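Okay, so here's the structure we're looking at.
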Number of protein chains: 2
Amino acid sequence: MYASASIISRDLQPPRALLAKSFTRPRPVTLHTPGTEIYAQGETAGTLYRIEFGAVRICRLLADGRRQVVAFHIAGETFGFEGGKVRSFFAECIVSTGLTTVEIDRDGRYSPELMELALKEMIRAQEHLLVVGKQCALEKLAVFLVDLAERQGGLGCIDLPMTRTDIGDYLGMTIETVSRNLSKLRSAGVLRLRSSRSIEILKPQRLYCLASKL
Amino acid sequence: MYASASIISRDLQPPRALLAKSFTRPRPVTLHTPGTEIYAQGETAGTLYRIEFGAVRICRLLADGRRQVVAFHIAGETFGFEGGKVRSFFAECIVSTGLTTVEIDRDGRYSPELMELALKEMIRAQEHLLVVGKQCALEKLAVFLVDLAERQGGLGCIDLPMTRTDIGDYLGMTIETVSRNLSKLRSAGVLRLRSSRSIEILKPQRLYCLASKL
DNA sequence: CGTATCCTTGACTTTCGTCAATACTTGTGG
DNA sequence: CCACAAGTATTGACGAAAGTCAAGGATACG
């Protein structure tokens with residue numbers, strides 16, 4: 001099990017370069033251990049966060065006890081936009097994560113750059129809708145992997161900071177279905193699982209074809 | 001069948017009060033016949049629209065030919081927000097619809113009110129995600145009906161401007177599943193179908209319970 | 001080295017999609 | 001006014017896909 005959320009892990013080792021970079025910024029990097037809550041549902045909204053390193057999930061608990069993950073965010077991305085005065089969703093760290101807060105104008109107007117980010121977030125939510133709306137689990141998974149690969153720099157190797165449960169709650173399927181379809185892609189020679197959290201893409205074309213993003 | 005989209009129907013009869021109200025506004029109401037395109041995918045974004053009467057669907061065509069409806073908008077609502085310079089989605093009228101355009105600041109900054117509307121739209125997209133992510137078709141349908149009822153003023157009678165196909169593409173299911181589950185609700189005595197486009201809610205509690213919004 | 005968590009795989013069941021037939025609605029033209 | 005046609009909606013039978021339940025393996029941590 002991970003270290004308890006209430007204890008700041010002593011052996012936390014964020015990349016040196018990122019820490020050094022953060023010292024030149026006006027705002028300090030706050031460290032969060034895996035599983036830590038960044039903000040809660042119902043809390044007062046307003047603060048925006050930028051991820052220096054690590055990964056975050058944005059979720060919501062449904063009445064029936066199920067959990068919907070509405071977004072994953074990785075290093076370099078900004079999150080925390082909300083439509084009302086209070087948070088509709090809660091944010092948690094998936095792995096050891098470093099965060100900085102982002103300045104918002106006090107006069108109630110977002111800067112054009114922040115406005116752009118907020119609207120990009122809306123588009124991302126709507127794109128996500130297209131994926132979850134798809135009927136085939138294999139396609140959903142392919143889109144998820146391609147998206148993650150592109151956000152990580154289009155490498156042939158994808159790092160999955162999240163668990164199968166997270167992926168399932170994100171794509172609207174069970175962890176068994178996630179696992180089964182990863183195995184299907186593996187036995188088709190499309191990808192190789194270096195470990196359960198590290199995927200090497202062997203046939204990008206096949207994966208892109210399955211994802212068929214539009 | 002409805003009148004062809006290229007012909008402005010002469011017998012269009014928008015509510016008198018709304019037309020009268022529109023005369024006091026600086027911007028004129030434009031009339032659109034059912035099925036008319038308001039803007040297209042790939043078009044330059046920027047213009048926002050307010051619905052004076054009627055209903056609109058926001059959609060996107062997927063690579064496999066399927067269509068995802070990402071939102072319905074009814075009278076009083078504003079739509080047209082986009083994250084980039086071009087439209088990612090297209091908008092069409094569902095029924096005879098009257099639209100006015102909404103002013104945006106020229107200096108590149110949205111007013112606080114518009115910012116609020118844009119973020120509300122983002123939340124709406126994420127709420128929609130929660131619904132589409134649900135596994136059970138009956139629950140999805142219940143949430144859809146409750147949402148529509150609330151937006152129409154919480155009446156015991158819901159007006160459905162859209163077809164079963166629209167509903168299916170919105171909830172990520174086939175028209176047969178939509179129809180079957182409406183029948184299921186009918187035979188359970190939860191609702192009554194006055195016509196295929198007009199639903200009377202007989203047991204709101206049961207419907208709310210199924211929807212179990214959170 | 002033992003325990004807890006995470007992941008994978010198999011057997012079975014349920015739900016939903018597909019195909020197809022039929023009924024209802026609405027508009028058009030004789 | 002009635003008949004026909006096109007679009008829309010409902011219902012049934014069947015099969016495929018995903019969920020559920022359960023067991024066992026892999027991995028990380030103390």
Side-chain angles (χ1 to χ4, degrees), chain A residues 1-5 7 9-12 33-35 57 64-67 94-96 131-142 160-187 191-199 210, chain B residues 1-5 7 9-11 33-35 64-67 94-96 131-142 160-169 171-188 191-199 210:
Chain A
M1 180 33 183
Y2 290 124
S4 158
I7 298 170
S9 187
R10 290 158 308 284
D11 54 0
L12 235 178
T33 49
R57 62 173 170 247
D64 59 0
R66 293 191 326 113
R67 184 188 66 162
I94 299 173
V95 291
S96 294
V131 177
V132 175
K134 277 177 178 284
Q135 62 273 17
C136 179
L138 196 63
E139 288 181 36
K140 291 189 198 182
L141 200 59
L160 297 176
M162 66 292 286
T163 66
R164 298 289 187 270
T165 305
D166 286 331
I167 299 173
D169 288 350
Y170 180 68
L171 297 176
M173 58 178 93
T174 60
I175 64 172
E176 291 95 332
T177 304
V178 173
S179 192
R180 262 186 262 272
N181 283 282
L182 276 177
S183 299
K184 200 178 285 183
L185 289 172
R186 179 171 49 81
S187 51
L191 46 82
R192 197 171 75 83
L193 282 78
R194 298 170 63 89
S195 78
S196 65
R197 301 294 181 87
S198 175
I199 293 177
L210 276 171
Chain B
M1 184 31 183
Y2 289 125
S4 159
I7 299 170
S9 189
R10 288 159 309 284
D11 53 0
T33 48
D64 58 2
R66 292 192 324 112
R67 184 188 68 162
I94 299 174
V95 291
S96 295
V131 177
V132 176
K134 277 176 178 284
Q135 62 273 16
C136 180
L138 195 63
E139 288 181 37
K140 292 190 199 182
L141 200 59
L160 296 177
M162 67 291 285
T163 66
R164 299 287 186 268
T165 305
D166 286 331
I167 298 173
D169 289 348
L171 296 176
M173 60 179 88
T174 59
I175 64 171
E176 290 95 333
T177 304
V178 173
S179 192
R180 261 186 263 273
N181 283 283
L182 276 176
S183 298
K184 200 179 284 183
L185 288 172
R186 178 170 48 84
S187 51
L191 46 82
R192 196 171 77 84
L193 281 80
R194 298 171 62 89
S195 78
S196 65
R197 302 293 182 86
S198 176
I199 294 176
L210 276 172

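The shown structure was predicted, so the numbers you read here are calculated from the model rather than taken from an experiment. By convention in this document, chain letters (A, B, ...) are assigned in the order of the sequence lines, proteins followed by strands, and residues within each chain are numbered from 1.
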Among [options], which nucleotide sits nearest the side chain of [X]?
X        : options               : result
A:Met173 : D:dG19, C:dT9, D:dT11 : D:dG19
A:Ala137 : C:dT8, D:dA18, D:dT10 : D:dA18
A:Arg186 : C:dT8, D:dT11, C:dT9  : C:dT9
B:Glu176 : D:dA9, C:dT9, C:dA20  : C:dA20
A:Thr177 : D:dA18, C:dC16, C:dT8 : D:dA18

Could you state the [atom1]-[atom2] distance from [X] to [N], rounded to the nearest angstrom?
X        : N      : atom1 : atom2 : answer
B:Asn181 : C:dG17 : CG    : C1'   : 13 Å
A:Leu193 : C:dC6  : CG    : P     : 17 Å
A:Ile175 : C:dG10 : CD1   : P     : 16 Å
A:Lys140 : D:dA18 : NZ    : C1'   : 9 Å
A:Leu141 : C:dC7  : CG    : P     : 13 Å
B:Arg194 : D:dA9  : CZ    : P     : 18 Å
A:Leu171 : D:dA17 : CG    : P     : 18 Å
B:Met162 : D:dA9  : CE    : P     : 11 Å

| query | Taking C-beta and beyond as the side chain, do A:Thr165 and A:Val178 meet within less than 4.5 Å on heavy atoms? | reply | no
| Close side-chain approach of A:Arg192 and A:Ile199, heavy atoms under 4.5 Å | no
| query | Quick one: does B:Lys134's side chain have a donor or acceptor within less than 3.5 Å of a partner on B:Glu139's backbone? | reply | no
| message | Both A:Gln135 and A:Ser196 contact DNA chain C. Taking the nearest nucleotide for each, which residue is further toward the 5' end? | response | A:Ser196
| said: Categorize A:Leu160 for me: base, sugar-phosphate, or nothing, with a 4.0 angstrom heavy-atom threshold over every strand shown. | reply: nothing
| task | Answer with base, sugar-phosphate or nothing: what part of the nucleic acid does A:Ser183 contact at a heavy-atom distance below 4.0 Å? | result | sugar-phosphate
| In terms of side-chain heavy atoms, does A:Ser195 have a donor or acceptor partner in A:Ser198 at a distance below 3.5 Å? | no
| request: Please lay out, stage by stage, how A:Arg57 and A:Met162 fare under the test side chain to side chain contact (heavy atoms under 4.5 Å, CB included). | output: CA-CA 9 Å; A:Arg57 62 173 170 247; A:Met162 66 292 286; 5.9 Å; no
| field | Quiz item: A:Arg180 side-chain donor-acceptor pair to D:dG19 base, under 3.5 Å | value | no
| said: If you assign each of A:Thr174 and B:Ser179 to its closest nucleotide in DNA chain D, which residue comes earlier from the 5' end? | reply: B:Ser179
